[in-house]
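Worksheet for the structure shown next.
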Amino acid sequence: MAPTRTIKNKHSAKSSSSSSSGPKRSSKDGVKKPSFGGSKSGPKGGAPKGKIPTKEQKGKPNFGQDKKKKARVYTEKELGIPELNMITPVGVTKPKGKKKGKVFVDDRESMSTILAIVQAEKEGQIESKLIKARQMEEIREARKAEAEKKEQERKAKLDETKELMRKKRKRGDEKKKKGEEDEEDRIVKDAVATGTKAAKAKGGKKRVSFAADAE
Amino acid sequence: MRALTDEEMKTVLDKLANYMSDLKSLISPLEDGDRYVFRLNHSRVYYVKLSIANLATSISRDALLSLGTCLGKLTRTGKFRLHITALPILAQGARHKIWIKENGAQPFLYGSNVVKAHVGRWSEDCPEHQGCVVYSMADIPLGFGVTARSTTEARRLDPTGVVCFRQSDCGEYLRDEDTLFAG
């Protein structure tokens with residue numbers, strides 16, 4: 001590296017540059033050692049360098065070195081480049097420009113505003129629940145009424161049919177009774193007229209049928 | 001010990017609003033110029049007078065066991081769980097109430113739900129799944145719970161049907177003695 005004591009004096013610089021053993025000597029000097037490691041520990045060896053550029057501003061390579069140093073200073077965080085393949089939990093990311101820490105609610109005004117908001121929300125929820133429950137109840141009532149009505153209709157129909165059946169049966173009984181009476185009368189009359197012939201006639205019929213079967 | 005944040009306050013009040021109709025009375029100023037505030041210590045929320053809370057600032061967090069009335073605990077998921085210690089405050093401004101007969105008081109205090117056969121009376125127009133405070137017939141608050149059925153539905157229920165799911169009861173003072181105030 002260029003910065004050495006020799007630069008201060010042009011003649012000495014020339015002599016040092018001309019002599020092959022010059023740089024070795026300068027490197028051996030305890031004070032000048034940091035100048036060699038200047039690239040790595042740039043800011044530490046700043047004191048001797050600071051003096052140098054005042055006289056050696058014409059030298060372009062120095063400017064280039066300074067720029068390189070500045071470029072090294074930037075890190076990814078400073079540039080704001082998002083890190084790849086990293087999962088940042090929601091709680092960890094903090095918005096820029098916002099105050100650090102928690103915001104407490106302790107004054108009455110803010111507490112009462114939160115309270116009013118919460119209460120209004122709850123009231124609304126409960127009200128909607130009640131309205132819903134009432135509507136459901138109304139629907140249930142209507143269904144119940146309808147079912148009852150249907151049941152009544154069915155019952156009425158059943159009763160009607162029962163009545164009809166009864167009436168029919170009554171009529172049938174009366175007819176039957178009348179018919180039986182007529183038959184009895186006829187039998188009695190026949191018996192009176194023919195004596196025991198009625199029984200004989202019955203037996204003859206049987207015989208005929210029996211004979212037909214045999215054949 | 002610290003005051004609650006915006007979100008914490010909202011969750012706490014939201015839970016309290018399930019059971020109470022008048023929340024404003026909670027933070028209204030007292031006659032002596034003092035007022036009640038909410039404070040958080042070890043994830044427990046306390047309802048305490050401001051003057052006492054200010055005095056308590058001289059005690060370190062670890063050394064402070066309790067102050068005022070413990071309302072409940074803020075869980076790690078950000079929810080709020082009411083403790084039985086909040087019962088006196090809930091009972092003051094209860095929105096819905098259920099009175100249970102003497103034969104139902106013991107089962108309730110032992111941790112079971114309220115069945116219809118044990119109900120002496122209940123407040124009208126109570127919807128389903130709504131917070132309610134459970135009283136004995138002598139108007140002594142025994143605990144709180146959530147209604148299983150609305151009032152109209154509960155009327156049609158059979159005697160063994162559950163009317164109210166228990167959330168907390170006074171028996172917890174004995175049952176949860178170890179964990180109620182610390183831990």
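Everything quoted here is computed from the prediction, not taken from an experiment. First the proteins, then the strands, lettered A, B, ... as listed; each starts at 1.
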With a 6.0 Å cut-off (strictly less than), is the heavy-atom count around [atom1] of [X], excluding the residue itself, greater than 12?
{"X": "A:E160", "atom1": "CD", "value": "no"}
{"X": "B:K101", "atom1": "NZ", "value": "yes"}
{"X": "B:E7", "atom1": "CD", "value": "no"}
{"X": "B:R155", "atom1": "CZ", "value": "yes"}
{"X": "B:Y173", "atom1": "OH", "value": "yes"}
{"X": "B:E102", "atom1": "CD", "value": "no"}
{"X": "A:R154", "atom1": "CZ", "value": "no"}
{"X": "B:R2", "atom1": "CZ", "value": "yes"}

Margin query: Whether the side chain of B:K10 engages the backbone of A:I114 through a donor-acceptor N/O pair (distance < 3.5 Å, no angle test) should be reported.
Written below: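 A pair under 3.5 Å: no.
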Next item on the list: For A:K122 and B:L16, indicate whether the former's side chain and the latter's backbone hold a donor-acceptor pair under 3.5 Å.
Entry: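 Flag not set: sc A:K122 to bb B:L16 has no pair under 3.5 Å.
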Check: What part of A:E123 lies closer than 4.5 angstrom to a heavy atom of chain B: side chain, backbone, both or neither?
Finding: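 Answer is side chain: those atoms of A:E123 sit under 4.5 Å from chain B.
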Between [X] and [Y], which heavy-atom pair has the shortest distance, and what is it?
{"X": "A:Q119", "Y": "B:L23", "value": "NE2-N, 3.5 Å"}
{"X": "B:R35", "Y": "A:D107", "value": "NH2-CA, 4.1 Å"}
{"X": "A:M111", "Y": "B:F38", "value": "CE-CD1, 3.7 Å"}
{"X": "B:S28", "Y": "A:R108", "value": "CA-NH2, 4.1 Å"}

Would you check if [X] and [Y] make a side-chain contact, meaning some heavy-atom pair closer than 4.5 Å?
{"X": "A:V118", "Y": "B:K15", "answer": "no"}
{"X": "A:D106", "Y": "B:V37", "answer": "yes"}
{"X": "A:R140", "Y": "B:E153", "answer": "yes"}

Checklist line | Derivation of the side chain to side chain contact (heavy atoms under 4.5 Å, CB included) call for B:D6 and A:V105 | finding: CA-CA 6 Å; B:D6 205 350; A:V105 184; 4.1 Å; yes
Check: Which value, rounded to the nearest 0.5 Å, describes the distance between A:F104 atom CZ and B:M9 atom CE?
Finding: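 Answer for the CZ-CE pair, A:F104 versus B:M9, is 11.5 Å.
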Next item on the list: Can you measure from OG1 (B:T152) to CE (A:M136) and round to the nearest 0.5 angstrom?
Entry: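 Here the rounded value is 10.5 Å.
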Checklist line | Most contacts with chain A, counted as non-hydrogen pairs under 4.5 angstrom, among B:D22, B:I27, B:L26, B:D125 | finding: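 Answer, by heavy-atom pair count under 4.5 Å with chain A: B:I27.
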Next item on the list: Sort B:L13 into side chain, backbone, both or neither according to what part of it lies under 4.5 angstrom from a heavy atom of chain A.
Entry: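 Both parts, backbone and side chain.
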